[in-house]
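Structure first, then comments.
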Amino acid sequence: MAWTDERIEQLKKLWDEGLSASQIAKELGEGVTRNAVIGKAHRLGLKSRPSPVKSDKTKAKAPAKKAAKKEAKKFVTLLDLTDRMCKWPIGHPGDPDFHFCGRPAEPGMPYCATHCAEAYQAQPPRRDRRQTPRPPIG
DNA sequence: CCCTGATTCGC
DNA sequence: GCGAATCAGG
């Protein structure tokens, strides 16, 4: 997978959008890893985004943080989903408020623990399911 | 264990 | 130039 202008444009756009490297990697394609995205981002000269790791200093809590900004973008959309995010749909597809659960999913599962229970909920007792359909022969 | 970006290093 | 491996931190 070469870095064509299209790929680079996507990278820059998504990077600017605020998506994480891993999410951008998934957007660009399965053959791209977050390492590739980060590495390319650096070589492109993209601004080092405030990594949650480096960001520290002044532990001074910000009480006015939640009130400062307005409540925008509260929904987890399809593009926000990552492999480890719960893909449980909330609302109806097509609706403006249609979104996904988005909580950390169980490893190897498409949903979080709660929604795994929903999705893989024990089937209602199937009385017509005979436990012993065929007796062993010989 | 899950995640984040930064840097190194061989190709 | 590329990105996996590694590093450093939450």
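The structure displayed is predicted, hence computed values, not measured ones. Below, chains carry the letters A, B, ... as their sequence lines are ordered, and counting in each starts from 1.
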What is the distance from [atom1] of [X] to [atom2] of [N], rounded to the nearest Å?
| X | N | atom1 | atom2 | answer |
| --- | --- | --- | --- | --- |
| A/I38 | B/dT8 | CD1 | C1' | 13 Å |
| A/Q23 | B/dT4 | CD | P | 7 Å |
| A/L44 | B/dG5 | CG | P | 15 Å |
| A/I24 | B/dC3 | CD1 | C1' | 15 Å |
| A/L14 | B/dT4 | CG | P | 14 Å |
| A/H42 | B/dT4 | NE2 | C1' | 12 Å |

Enumerate, atom names and distances included, each donor-acceptor pair closer than 3.5 Å involving a side-chain atom of residues 86-94 of chain A, sequence neighbours excluded.
{"unit_1": "A/K87", "atom_1": "NZ", "unit_2": "A/T82", "atom_2": "O", "d": "3.3"}
{"unit_1": "A/K87", "atom_1": "NZ", "unit_2": "A/D83", "atom_2": "O", "d": "3.1"}
{"unit_1": "A/K87", "atom_1": "NZ", "unit_2": "A/M85", "atom_2": "O", "d": "3.3"}

Open item on the list: With heavy-atom distances below 4.5 Å as the criterion, would you say the side chains of A/L14 and A/Q23 are in contact?
Closed with: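 Answer no - side chains too far apart.
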
TODO: Give the intermediate values and the outcome of side-chain contact (heavy atoms from CB on, under 4.5 Å) for residues A/M109 and A/H115.
DONE: CA-CA 10 Å; A/M109 293 295 194; A/H115 288 136; over 6 Å; no

Open item on the list: For A/D16 and A/K12: C-alpha separation, side-chain torsions, deciding distance, then whether side-chain contact (heavy atoms from CB on, under 4.5 Å) applies.
Closed with: CA-CA 6 Å; A/D16 188 61; A/K12 290 197 295 186; over 6 Å; no

Pairs under 3.5 Å (N/O, protein and nucleotides 2-5 of chain C):
{"unit_1": "C/dC2", "atom_1": "OP1", "unit_2": "A/K40", "atom_2": "NZ", "d": "3.3"}
{"unit_1": "C/dC2", "atom_1": "OP2", "unit_2": "A/K40", "atom_2": "NZ", "d": "2.3"}
{"unit_1": "C/dG3", "atom_1": "OP2", "unit_2": "A/W3", "atom_2": "NE1", "d": "2.4"}
{"unit_1": "C/dG3", "atom_1": "N7", "unit_2": "A/R43", "atom_2": "NH1", "d": "3.1"}
{"unit_1": "C/dA4", "atom_1": "OP2", "unit_2": "A/T33", "atom_2": "OG1", "d": "2.2"}
{"unit_1": "C/dA5", "atom_1": "N7", "unit_2": "A/N35", "atom_2": "ND2", "d": "3.0"}
{"unit_1": "C/dA5", "atom_1": "N6", "unit_2": "A/N35", "atom_2": "ND2", "d": "2.9"}

Open item on the list: Quick check on B/dC3: is either OP1 or OP2 less than 4.0 Å from any side-chain nitrogen or oxygen of A/S20?
Closed with: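 Indeed not, no polar side-chain atom of A/S20 lies that close.
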
Open item on the list: With a 6.0 Å cut-off (strictly less than), is the heavy-atom count around CG of A/D95, excluding the residue itself, greater than 12?
Closed with: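 Yes - once you tally the heavy atoms of other residues, nucleotides and ligands closer than 6.0 Å, there are more than 12.
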
Task: Sequence-distant partners of A/R84, side-chain hydrogen bond (donor to acceptor under 3.5 Å, both in side chains), two or more places apart - done: none

